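Remarks on the structure that follows.
Model, not experiment: these values are computed from the prediction. Every number for a ligand or one of its atoms is a count from 1 in the order of the listing.
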Amino acid sequence: MSGKIKKIGVLTSGGDAPGMNAAIRSVVRTCAFHNIECIGIYRGYQGMIEGDFKEMGPRSVNNIVNKGGTILKSARSKEFMTPEGRKKAFDNLQKAGIDSLVVIGGDGSFTGGLVFNKEYGFPVIGIPGTIDNDIFGTSHTLGYDTALNTVVEAIDKIRDTASSHNRLFFVEVMGRDAGHIALNAGIGAGAEEILIPEEDLGLDRLLESLQKSKASGKSSSIVVIAEGDKMGKNVFELKDYVEENLPEYDVRVSVLGHMQRGGAPSCFDRVLASRLGVKAVESLIAGKSNYMAGLIKDEVVLTPLEQAVKGHSEIDRELLRVSDIMST
Ligand code: ATP
């Protein structure tokens with residue numbers, strides 16, 4: 001496909017994240033600003049296959065900058081993973097006159113966009129939207145900052161009960177492949193230990209650290225555990241293991257779960273969403289495709305989608321040291 005962009009389709013795909021609505025609003029209003037039509041595609045790629053489209057003008061996104069979730073709904077579409085599904089999607093886009101796409105989602109959604117571009121030459125720009133912050137090419141994904149604040153607030157509350165009963169709490173947070181939430185929220189909430197997928201602390205060191213903390217006079221403790229930590233035990237097995245080996249500890253488990261994805265986006269996520277939406281639309285207008293708009297050193301920059309998908313978003317190892325020092 002080539003020529004001037006006239007009608008942009010926008011969709012949200014994969015897991016929802018706070019700030020997705022602010023990004024939709026930004027895409028819609030940037031289109032209006034540049035006199036380009038904007039079409040909302042409902043339920044991600046599945047809505048593309050089913051032609052679930054709605055025209056969006058600047059007033060259609062009033063009062064959503066502060067809302068969690070996504071007004072366009074999100075979905076995971078198995079059908080889009082088949083050439084037949086993608087053909088249906090392409091036919092629908094053509095019928096509606098849509099000539100380019102802004103995909104707000106995670107690396108799976110970007111992979112879908114890349115495959116679609118390869119088959120049909122359809123211009124695609126991605127905006128990283130996932131609370132896990134596990135995307136290469138941006139220091140922050142949409143929803144990550146909000147999720148950190150949500151987790152810290154929850155752990156603050158857990159600490160109240162932990163200290164009243166002299167208990168040890170294991171708090172499980174989201175992050176199957178990446179420990180960004182656990183590491184940053186753990187430091188922010190003053191956790192004794194933080195277990196993440198990137199680092200194998202080892203069971204012995206965990207016990208040692210807990211013993212040391214008891215001996216140093218701490219009567220209650222919080223251990224933050226990412227879903228995908230490397231200990232080889234789930235959070236409940238870990239509780240049993242610690243209670244067997246350190247009977248002086250009364251351990252409780254709290255799995256924060258989906259509440260981490262909800263809630264009003266933080267100011268940071270709203271501003272980020274607004275900036276990335278502008279960049280995505282203006283990049284399409286400039287004839288660019290197969291890029292992700294992201295934030296690096298507080299500048300909005302483009303990273304090739306392929307790199308964003310293949311690259312790994314590393315944790316800041318200095319934070320592990322900071323966390324160790326803080327638990328002295
Ligand atoms: P999250 O990080 O929240 O999981 P995600 O974007 O990575 O978000 P996925 O479920 O992995 O979420 O992908 C979203 C959708 O992208 C899939 O349901 C599918 O429709 C599409 N998709 C993913 N991988 C491919 C692929 N290889 N080919 C075509 N489409 C794909």
dist Asn290:CG -> Ser283:OG (nearest 0.5 Å) comes out at 12.0 Å
Nearest-0.5 Å distance, CD1 of residue Ile125 to OH of residue Tyr291 = 8.0 Å
Measure the acute angle between the ring planes of Phe122 and Phe90, then classify it against the limits of 30° and 60° as parallel, tilted or perpendicular.
-> perpendicular
Considering distance alone, does some N or O of Gly15 sit under 3.5 Å from an N or O of ligand 1?
-> yes
Look at atom 2 (O) of ligand 1 and say which protein heavy atom is nearest, naming residue and atom and giving the distance to 0.1 Å.
-> Thr130 OG1, 3.6 Å
Do the side chain of Tyr45 and the main chain of Arg86 share a donor and acceptor less than 3.5 angstrom apart?
-> no
Donor-acceptor contact present, side-chain Arg159 to main-chain Gly190, <3.5 Å | yes
Using a 4.0 Å heavy-atom cut-off, say whether Asp107 meets ligand 1 through its side chain, its backbone, both or neither.
-> both
Atom 25 (C) of ligand 1 [closest protein heavy-atom partner, distance rounded to 0.1 Å] = Met81 CE, 3.6 Å
Pairs involving residues 300-309, ordered by first then second residue, that meet side-chain hydrogen bond (donor to acceptor under 3.5 Å, both in side chains) (sequence neighbours left out) | Glu306-Lys310
What protein heavy atom sits nearest atom 26 (C) of ligand 1, and how far off is it?
-> Thr111 CG2, 3.9 Å
Which residue supplies the protein heavy atom nearest to atom 28 (N) of ligand 1, what is that atom called, and how far is it?
-> Val115 CG2, 3.9 Å
Who gets closest to atom 30 (N) of ligand 1 by heavy atom: Gly113, Gly112, Ala178?
-> Gly112
In ligand 1, the atoms that come under 4.0 Å of a heavy atom of Tyr45 are 16 (O), 20 (O), 21 (C)
Nearest non-hydrogen protein atom, atom 19 (C) of ligand 1 | Ser77 O, 3.3 Å
Atom indices of ligand 1, in the order listed, that fall short of 4.0 Å to a heavy atom of Ser109 = 5 (P), 6 (O), 13 (O), 14 (C), 16 (O)
Donor-acceptor pairs under 3.5 angstrom involving side-chain atoms of residues 175-183: please list them, not counting sequence neighbours.
unit_1 : atom_1 : unit_2 : atom_2 : d
His180 : NE2    : Asn133 : O      : 3.4
His180 : NE2    : Ser313 : O      : 3.2
His180 : NE2    : Ser313 : OG     : 2.9

For atom 15 (C) of ligand 1, the closest protein heavy atom turns out to be Ser13 OG, 3.6 Å
Min N/O separation Arg76 to ligand 1 under 3.5 Å | yes
Please walk me through it: do Asp145 and Ser266 pass side chain to side chain donor-acceptor pair (under 3.5 Å)?
-> CA-CA 7 Å; Asp145 181 69; Ser266 64; 2.5 Å; yes
